[in-house]
Amino acid sequence: MSTRDPLGYYAVLELHHDASDEQVKAAYRRRAMVLHPDRNPGRDTTEQFQALNEAFKALSDPSARAAYAAGAAALSTRPNPEPPPPEPIKCASCGKVSAQPRVAVYRSVRSFLLVTVRKPISGVFCSECAQRKALKASATTWLLGWWGLPWGPIHSAQALLENMFGGTHPPLENARLLAYQAHCFEAAGRQDIACAIARDGLKFCARIRPTARQAALISERDELVRRFKAFVAQERPDAVRLKNSWKLGNRFFAFHAGAMGVVAAAITVAIFNAPLYERTLPKGSMPYSSQAVAAPAITASSPSAVRQIPPPVFVRPKTAPNGKPWPVVAGYLSGEPQTRAGGHSEITIDNGQNDSDVLVKLVSLSADVARPTRQIFIPANGKFTIKSIAAGRYDIRYQDLMTGVRSRSEGMTLSESADARGIRYSVMTLTLQRVKNGNMAIHDLADGEF
Ligand SMILES: [Zn+2]
């Protein structure tokens, strides 16, 4: 016991004898938090708490403190019981002393219909017990958290994630705890462990972010930092490095993550099996309008099950659809509207394999309703290139003018893009054949869709 501190008042407050009044107050608050009997259900701290109060009374009053200083020399000769060595804080769950206890908070959520209750589970734990607490909080949440609206699922997901990543560790409480723990290990002669704990403590101090108006908090934090730095300054080069038992690789992490994974997989499976909507366009032809210009009337699509049965004898109409005689050479039907022009893409329709004339329509599939954009006559063994087609989705529909059979191609996409070398666009060739084995898949076409 130092001659400056004969009654051990400064020691109880963990202060040097020239500490300022402000530091005395801060130290008292800090030690009171640690030693208060209500906060220590597992051990009897009443005596230490009383000693703390006595010390504070003597040092917080300026005249009493002056008297203590003046009488120190005289008092120092008085026999005085040594204060007991400080006892390190133990895990609230298993009671073991740990160099790295933490104040940790986990959340469990319980819901029922419209009520959702979030309950924090907090305490000073060793890392082992903390993992068990987290798992228990999560298990409760998995079972009981979801069943309330709207907050049940939201709070549950949040709590589960938080617990999975180790819960929250409030920085101020942890810094205080570690300052005390470092002091205890030092008093027990384990300077090396005290240094390691102080390093941990500094990390928590860095996370304390008081606002400019929280003067008491600022001074407490600065005091904690000063004390931790004092420990670290004494560190020897061969000092121990504590393995951080609080790192993510905790042995229950797989449980948390596994449970999350199972649920995520179940949700994914449910979504992909939901018969709610189509993810691909229907294979059949689209609703079709024979009007090339936008028209409000939409003709219903024919059910694909009804196949067009060609009349036994097809008689070629006397005139083309434009009311004029059939042309002799390949070309657009005069007078028929041409839309979706102005692009660069081209489709060549090769009727060279075919010994009958065909009437061809280029049909745009880019809107809700399929619409013809060009009508072309191609004689037997002829060929025609449709030019200046705007980018988009199209198919080709054609009628064999000898048999009357109507067919359509698969949908195709014409694309157009500009790059450094110019504009890139689609160029296609479709070969029409009487036998359906040309370079495209073709389908029989209902009457109303030509
Ligand atoms: Zn424990």
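First listed ligand is number 1; within each ligand, the first listed atom is number 1. Everything numeric in this text was worked out from a predicted model, so none of it was measured.
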Taking the side chain from Glu14 and the backbone from Ala27, do they hold a donor-acceptor pair closer than 3.5 Å? no
Please determine whether a side-chain nitrogen of the Lys or Arg among Glu162 and Arg107 lies less than 4.0 Å from a carboxylate oxygen of the Asp or Glu. yes
Polar side-chain atom of Ser364 near backbone of Tyr394 as donor-acceptor pair, under 3.5 Å: no
So, does Asn40 use its side chain to make a donor-acceptor pair with the main chain of Val34 at under 3.5 Å? yes
Counting only protein N/O/S atoms, those under 2.8 Å from the Zn ion (ligand 1) total 4
Does atom CH2 of Trp151 have more than 12 heavy-atom neighbours, drawn from other residues, nucleotides or ligands, at distances under 6.0 Å? no
Give the C-alpha distance, both sets of side-chain angles, the deciding distance and a yes or no for ring pair (Phe, Tyr, Trp, His ring centres under 6.0 Å) between His36 and Phe49. CA-CA 6 Å; His36 198 288; Phe49 191 61; 4.8 Å; yes
